[in-house]
Protein chains: 2
Amino acid sequence: MSHQEQHFAEKIRAQGYRLTPQRQLVLDALCAMGGHATAGEVFEQVSPQMPALNQATVYRTLEFLVELRMVARSDITGQTVYEIVGEQPHYHLVCRRCEHVYEMAADQLTDLADWLLAEHGFRADLDHLIITGVCAHCQTPTTS
Amino acid sequence: MSHQEQHFAEKIRAQGYRLTPQRQLVLDALCAMGGHATAGEVFEQVSPQMPALNQATVYRTLEFLVELRMVARSDITGQTVYEIVGEQPHYHLVCRRCEHVYEMAADQLTDLADWLLAEHGFRADLDHLIITGVCAHCQTPTTS
DNA sequence: TTTGTTATTGCAAATTTTCGCATCAAGCGG
DNA sequence: CCGCTTGATGCGAAAATTTGCAATAACAAA
Ligand SMILES: [Mn+2]
Ligand SMILES: [Mn+2]
Ligand SMILES: [Zn+2]
Ligand SMILES: [Zn+2]
């Protein structure tokens with residue numbers, strides 16, 4: 001069990017929840033895949049390790065981990081994807097033309113977060129924001 | 001047919017698509033409901049007007065309108081909701097404690113949009129961004 | 001107005017996601 | 001180490017969403 005996984009285990013128990021082998025597996029899978037993964041992909045990754053594990057459990061576990069904020073759920077061009085919330089908060093620029101997904105460090109979002117807190121007392125979770133638009137490559141050359 | 005609906009009709013035909021009664025109805029429904037609506041809610045609103053209209057058509061139509069950027073699709077606490085893209089771009093602050101959805105004018109996002117364009121050539125669609133976090137009311141009083 | 005092209009719809013089947021409930025087992029107290 | 005308590009899982013059914021395809025109808029052209 002890695003350092004991070006140890007941390008996860010403690011965090012789950014600290015909240016009064018149980019650390020089950022199913023939850024460990026899903027967590028491991030997400031770590032191993034190391035990026036955005038759909039529920040189906042997680043299930044396929046995990047299934048060989050524990051064939052009895054039910055698909056409903058994967059859905060519930062992912063939801064559970066999102067609730068605990070150990071996993072971020074995002075909608076990218078209509079697909080629901082999950083990702084471990086790591087040390088590095090980041091956001092994504094998603095091009096609606098070429099569907100490319102760019103990853104950016106969250107630095108530029110802190111201004112916005114600070115402003116939201118100061119102005120509205122709203123403490124924003126900016127650890128995984130999705131912004132859609134058109135990337136540099138996909139803009140029509142003859143931009144007026 | 002209202003002014004805005006007229007505009008929609010033209011926009012659909014301008015792109016070479018067809019304006020069908022089903023599409024008009026869905027558009028009308030979204031205008032009438034005037035906020036965020038799930039696919040199911042749209043179907044229920046529209047169904048009495050045209051009982052033959054199939055649920056699959058509602059899903060496809062909403063998708064179609066999103067593609068044309070006449071409708072914004074957003075994920076709010078796990079629910080997929082649709083809304084007419086009006087004149088006023090706005091974003092929402094969604095509290096993960098009380099689930100309340102606040103609506104804000106998009107002014108504060110223009111800085112971010114400008115920066116993304118200048119720095120990365122990315123033209124962001126900031127007409128309907130969802131930001132989750134904890135609202136002022138729901139923060140623990142004893143914040144260290 | 002009539003006709004032809006083909007985008008769009010309705011329908012049914014396939015997939016995906018959610019839910020209720022009986023059973024199981026993680027973690028605690030003894 | 002051994003039971004309790006109750007949160008979590010497996011399972012099957014229900015609900016939601018997507019997809020393939022033949023039939024329909026929008027609308028451009030004649
Ligand atoms: Mn990410
Ligand atoms: Mn909105
Ligand atoms: Zn692009
Ligand atoms: Zn709140």
Side-chain angles (χ1 to χ4, degrees), chain A residues 1 5-6 8-29 36-68 70-71 73-82, chain B residues 1 5-6 8-29 36-68 70-71 73-82:
Chain A
M1 182 182 277
E5 284 158 352
Q6 184 63 49
F8 288 154
E10 283 164 16
K11 184 159 183 179
I12 288 176
R13 289 216 187 81
Q15 313 246 358
Y17 299 110
R18 297 177 185 174
L19 182 63
T20 65
Q22 290 88 343
R23 285 176 179 171
Q24 293 187 59
L25 266 182
V26 168
L27 232 19
D28 287 352
H36 301 159
T38 65
E41 288 164 351
V42 171
F43 178 71
E44 289 195 0
Q45 170 89 13
V46 151
S47 204
Q49 322 272 334
M50 188 188 283
L53 193 155
N54 196 275
Q55 195 142 12
T57 301
V58 172
Y59 282 107
R60 280 185 293 221
T61 300
L62 288 170
E63 214 46 52
F64 168 80
L65 295 171
V66 168
E67 214 72 49
L68 265 70
M70 300 168 63
V71 166
R73 174 185 56 224
S74 310
D75 185 305
I76 296 187
T77 60
Q79 283 245 307
T80 301
V81 295
Y82 300 85
Chain B
M1 183 181 279
E5 285 158 351
Q6 184 63 49
F8 287 154
E10 283 164 17
K11 184 160 183 178
I12 288 176
R13 290 217 186 80
Q15 314 245 358
Y17 298 111
R18 296 176 185 175
L19 182 64
T20 66
Q22 289 88 341
R23 285 176 179 171
Q24 291 187 59
L25 266 181
V26 168
L27 232 18
D28 286 353
H36 301 159
T38 65
E41 287 164 350
V42 171
F43 178 70
E44 289 195 1
Q45 170 89 13
V46 151
S47 203
Q49 322 273 335
M50 187 188 284
L53 193 157
N54 195 276
Q55 196 142 11
T57 301
V58 172
Y59 283 107
R60 280 187 291 223
T61 300
L62 288 170
E63 216 45 52
F64 168 81
L65 295 172
V66 167
E67 213 73 49
L68 264 69
M70 299 167 65
V71 166
R73 175 186 54 223
S74 310
D75 185 303
I76 296 187
T77 60
Q79 283 245 306
T80 301
V81 295
Y82 300 86

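The model shown is predicted, which means the values in this text are computed figures rather than measured ones. So that the names make sense, note that chain A is the first sequence line, chain B the second, and so on, each numbered from 1.
For A:Q49, the CD atom sits in a packed shell: over 12 heavy atoms of surrounding residues, nucleotides or ligands are nearer than 6.0 Å.
Separating the CE atom of B:M50 from the C1' atom of C:dT9 is a distance of 10 Å, rounded to the nearest angstrom. In this entry the distance linking CG of A:L53 with P of D:dA8 reads 15 Å, nearest Å. To the nearest angstrom, P of D:dA16 lies 15 Å from CG of B:L62. When the P atom of C:dT23 is taken as reference, atom CG of A:N54 falls 17 Å away, rounded to whole Å. At whole-Å resolution of the value, CD in A:Q24 and C1' in D:dA8 are 14 Å apart. What separates CZ of A:R23 from C1' of C:dG27 is a distance of 13 Å, to the nearest Å. Note: CD (B:Q15) to C1' (C:dA7) measures 14 Å, nearest angstrom. Atom CD of A:Q55 is separated from atom C1' of D:dG12 by 14 Å (rounded to the nearest Å).
Judged by distance alone with a 3.5 Å cut-off, no donor-acceptor contact links the side chain of A:R60 to the base of D:dT9.
An OP1 or OP2 oxygen of D:dT17 is reached within less than 4.0 angstrom by a side-chain nitrogen or oxygen of B:Y59. At C:dG10, one or more side-chain N or O atoms of B:T57 fall inside 4.0 Å of OP1 or OP2 (strictly under the cut-off). In terms of phosphate contacts, A:Q22 brings a side-chain nitrogen or oxygen within less than 4.0 Å of OP1 or OP2 of D:dG10. Side-chain nitrogen and oxygen atoms of A:R18 include none within less than 4.0 Å of the OP1 or OP2 phosphate oxygen of C:dA25. Proximity of B:T20 to the phosphate of C:dT9: a side-chain N or O atom is located under 4.0 Å from OP1 or OP2.
Counting only heavy atoms from C-beta outward, the side chains of A:E63 and A:R73 approach each other to under 4.5 Å.
Within the 3.5 Å criterion, the main-chain N or O of A:L53 finds no donor-acceptor partner in the side chain of A:T57.
Taking both residues in full, the closest heavy atoms of A:V46 and A:A29 are given as CG2-CB, 3.5 Å, listed atom of the first, atom of the second, then distance.
Relative to the side chain of B:A56, the nucleotides D:dT18, D:dG12, D:dC27 differ in distance, and D:dT18 lies closest. Each of C:dT8, C:dG27, D:dT9 was ranked by its minimum atom distance to the side chain of A:L19; first place goes to C:dG27.
Partner of A:F64 under the ring-ring contact (aromatic ring centres under 6.0 Å, His included) criterion, chosen from A:Y82, A:F8, A:Y17: A:Y17.
At the heavy-atom level, A:A52 lies under 4.0 Å from the strands shown only through sugar-phosphate atoms.
The residue among A:E63 and A:P21 whose nearest nucleotide of DNA chain C is located toward the 5' end is A:E63.
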